[in-house]
Enquirer: 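There's a structure below that I have some questions on.
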Amino acid sequence: MSIYAGEEAELVSADDARVKYDERGLVPCVVQQAGTGEVLMVAWMNAESLALTLETGTTWFWSRSRQELWNKGATSGNMQQLRRLLVDCDGDTLLAEVDSPGPACHTGHRSCFYREIA
């Protein structure tokens, strides 16, 4: 049994999740540290990166600036191990719970959300 937000999570296959990609073929993915709930980053996935994430157990994303797939942490050694992947009620946002051993942000910060607007 898998619990999220105090409720039992409904288990669905990748096909049954009916992920809704935007006109560019992308869907946002919130990346959260398993166990603590820290929001580490938000990135974009396409169908290929979603499939690779599920196949490899590490997070894969689509870089809009470089127009290529990237395996988060492959260069730095801080690869995110997927614990579970959830899809929202509308199918247009993903939530990846991961074990992230080091900084998730390209700036070296633990989270991309290290700045507070005053």
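Just so it is clear, the values below take in all heavy atoms, side chains as well, and ignore hydrogens, waters and symmetry mates.
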Enquirer: Any side-chain heavy atom of Val19 within less than 4.5 Å of one from Met45?
Expert: no

Enquirer: Tell me every residue that passes side chain to side chain donor-acceptor pair (under 3.5 Å) with Ser13, counting only those two or more places apart in sequence or in another chain.
Expert: Asp16

Enquirer: Under the salt bridge (charged side-chain N to carboxylate O under 4.0 Å, His left out) test, which residues partner Arg66, sequence neighbours left out?
Expert: Glu68

Enquirer: To the nearest 0.5 Å, tell me how far Asn78 CG sits from Leu40 CG.
Expert: 11.0 Å

Enquirer: Could you pull out all residues at least two apart from Ala14 that satisfy side chain to side chain contact (heavy atoms under 4.5 Å, CB included)?
Expert: Leu54

Enquirer: Report yes or no: do Val98 and Leu85 belong to one cluster of Ile/Leu/Val/Met/Phe/Trp/Tyr joined by side chain heavy-atom distances under 4.5 Å?
Expert: yes

Enquirer: Could you work out, with side chain to side chain donor-acceptor pair (under 3.5 Å) as the rule, every residue matching Thr53, not counting sequence neighbours?
Expert: none

Enquirer: May I have all residue pairs that pass ring pair (Phe, Tyr, Trp, His ring centres under 6.0 Å) and include part of residues 44-66, sequence neighbours excluded?
Expert: Phe61-Trp70

Enquirer: Could you name each residue pair satisfying salt bridge (Lys or Arg N to Asp or Glu O under 4.0 Å) that touches residues 23-35, not counting sequence neighbours?
Expert: Asp22-Arg24

Enquirer: Strictly distance-based, threshold 3.5 Å: is any side-chain N or O of Glu7 a donor or acceptor partner for the main-chain N or O of Tyr4?
Expert: no

Enquirer: For residues 27-53, which residue pairs pass the salt bridge (Lys or Arg N to Asp or Glu O under 4.0 Å) check, not counting sequence neighbours?
Expert: Glu38-Arg110

Enquirer: Does the side chain of Val42 come within less than 4.5 Å of Cys112's, by heavy atoms?
Expert: no

Enquirer: Would Val87 and Leu26 show up in the same hydrophobic cluster when neighbours are defined by side-chain heavy atoms closer than 4.5 Å?
Expert: no

Enquirer: What distance do Thr56 atom OG1 and Met79 atom CE have between them, rounded to the nearest 0.5 Å?
Expert: 6.5 Å

Enquirer: For residues 85-105, which residue pairs qualify under salt bridge (Lys or Arg N to Asp or Glu O under 4.0 Å), counting only residues two or more places apart or in two chains?
Expert: Arg83-Asp99, Arg84-Glu97

Enquirer: Would you say Gln80's side chain and Gly73's backbone share a donor-acceptor pair under 3.5 angstrom?
Expert: no

Enquirer: With sequence neighbours excluded, what pairs up with Tyr21 under the ring pair (Phe, Tyr, Trp, His ring centres under 6.0 Å) test?
Expert: none

Enquirer: Determine whether Leu86 and Val30 fall in the same hydrophobic cluster, where Ile, Leu, Val, Met, Phe, Trp and Tyr are linked whenever their side-chain heavy atoms lie under 4.5 Å apart.
Expert: yes

Enquirer: Quick one, Asn71 with Leu52, criterion side chain to side chain contact (heavy atoms under 4.5 Å, CB included). Give me CA distance, side-chain angles, the key distance, then yes/no.
Expert: CA-CA 9 Å; Asn71 186 204; Leu52 283 167; over 6 Å; no

Enquirer: Got a sec, which residues hit side chain to side chain contact (heavy atoms under 4.5 Å, CB included) with Leu11, two or more places apart in sequence or on another chain?
Expert: none

Enquirer: Would a hydrophobic clustering, with Ile, Leu, Val, Met, Phe, Trp and Tyr connected at side-chain separations under 4.5 Å, put Leu50 with Leu95?
Expert: no

Enquirer: Side chain to side chain donor-acceptor pair (under 3.5 Å) with Ser49: which residues, sequence neighbours excluded?
Expert: Asn46

Enquirer: Answer yes or no: is there a donor N or O on one side and an acceptor on the other, between the side chain of Ser111 and the main chain of Val39, under 3.5 Å?
Expert: yes

Enquirer: Sequence neighbours left out, what pairs pass ring pair (Phe, Tyr, Trp, His ring centres under 6.0 Å) with at least one residue falling in residues 71-118?
Expert: His109-Tyr114

